[in-house]
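Here is the structure we will look at.
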Amino acid sequence: MKDIPVFTTENGAASLFLREIPYRSRAHIKIQSSEDPLALLDECISFCKMCGAEWIDAAGDPALEKFPLITSLMIMQRDREGIAESDAALFPVTEETLSRWLDIYNDRMKDVPNAAYMSRKDGEDLLKSGDGYFIHRNGELLGIGKAKEDYLDTVISVVPGAGQTVVQALCSLLTEDIVRLMVADANLRAVRLYERMGFVEVKEVSRWYRVL
């Protein structure tokens, strides 16, 4: 199922993220512009439900504050200089290891607020971009990640306590002076890890509310 970047009605425009419906029965709505956002929201919810969504969250307008807040997404950053080097080894994702990477990602991220399911098509894009990795130490898998230039896109540890090592290993791939990442504030373990490592919040990107 494909997303709808621009879903328009007489009440305004929104983006509908429907790709997770076949996997998790979830949909996301981002209101873009509306003079009657709650009326637009009702239309978006009805459409998402017809597509099979059983859980729907939404962002993009102050009118959504009447609904329960799920999480806010924020950008955190710190200087790359000073991040300790890691003795872990990085192995790029290949065609042969892609399925394992996707399985780990989808299993570990399924309960993280607003973490998108990764399909096989997403995996093919990952292979093309070449920025997906497994992180090992002495033959033991510590985690997986996705990183490029100045951005940590994905950080997942599979061994308790290995999160910092995974971050340090991925940071060795980056080329810019500043390291950035985005995290849901409801993902408390991740936020605490990044704060311990010196990352600070610099921007709130969006707030997501459960509307169904």
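Index from 1, following the sequence.
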Review point. What orientation do F47 and F7 show, parallel under 30°, tilted 30 to 60°, or perpendicular over 60°?
Key: tilted
Point to revise | Option among L126, V93, L173, L152 that satisfies the side chain to side chain contact (heavy atoms under 4.5 Å, CB included) test with K146 | key: L126
Exercise for review: Give a yes-or-no answer on whether the side chains of S99 and W101 include a donor-acceptor pair shorter than 3.5 Å.
Suggested key: no
Point to revise | T154 side chain near M118 side chain, heavy-atom distance below 4.5 Å | key: no
Study note, to complete from the structure: ring pair (Phe, Tyr, Trp, His ring centres under 6.0 Å) filter on Y151, not counting sequence neighbours, yields none
Check your understanding: Out of curiosity, M74 CE to F199 CZ, how far, rounded to the nearest 0.5 Å?
Key -> 12.0 Å
Review point. Do E95 and K128 sit within salt-bridge range, that is, some charged N less than 4.0 Å from a carboxylate O?
Key: no
Check your understanding: So, the side chain of D87 versus the backbone of R137: is there a donor-acceptor pair under 3.5 Å, distance only?
Key -> no
**Study point:** Main-chain N/O of D103 paired with D107 side-chain donor or acceptor, under 3.5 Å
**Key:** no
Review point. Distance only, no hydrogens: is a donor on one side chain within 3.5 Å (strictly under) of an acceptor on the other, for S34 and D36?
Key: no
Review point. Is there a donor-acceptor contact under 3.5 Å from the side chain of D125 to the main chain of D122?
Key: no
Review point. Can you name the closest pair of heavy atoms from I135 and G145 and give their distance?
Key: CD1-N, 3.8 Å
Review point. Under 3.5 Å, is there a donor-acceptor pair linking the side chains of E149 and T175?
Key: no
Practice item. Could you tell me whether the side chain of R210 and the main chain of L212 form a donor-acceptor pair under 3.5 Å? Key: yes
Point to revise | K30 versus F17, closest heavy-atom pair with distance | key: CB-CE1, 3.8 Å
Study note, to complete from the structure: When rounded to the nearest 0.5 Å, the distance separating CG of L174 from CG of D131 is 10.5 Å
Practice item. Mind jotting down which residue pairs meet the salt bridge (charged side-chain N to carboxylate O under 4.0 Å, His left out) criterion with at least one end in residues 178-203? Sequence neighbours excluded, please. Key: D150-R180
Check your understanding: Regarding S15 and Q32, is there a side-chain donor-to-acceptor distance under 3.5 Å anywhere?
Key -> yes
Practice item. Evaluate the ring planes of H136 and F134, with Trp represented by its six-membered ring, and classify them as parallel (under 30°), tilted (30 to 60°) or perpendicular (over 60°). Key: tilted
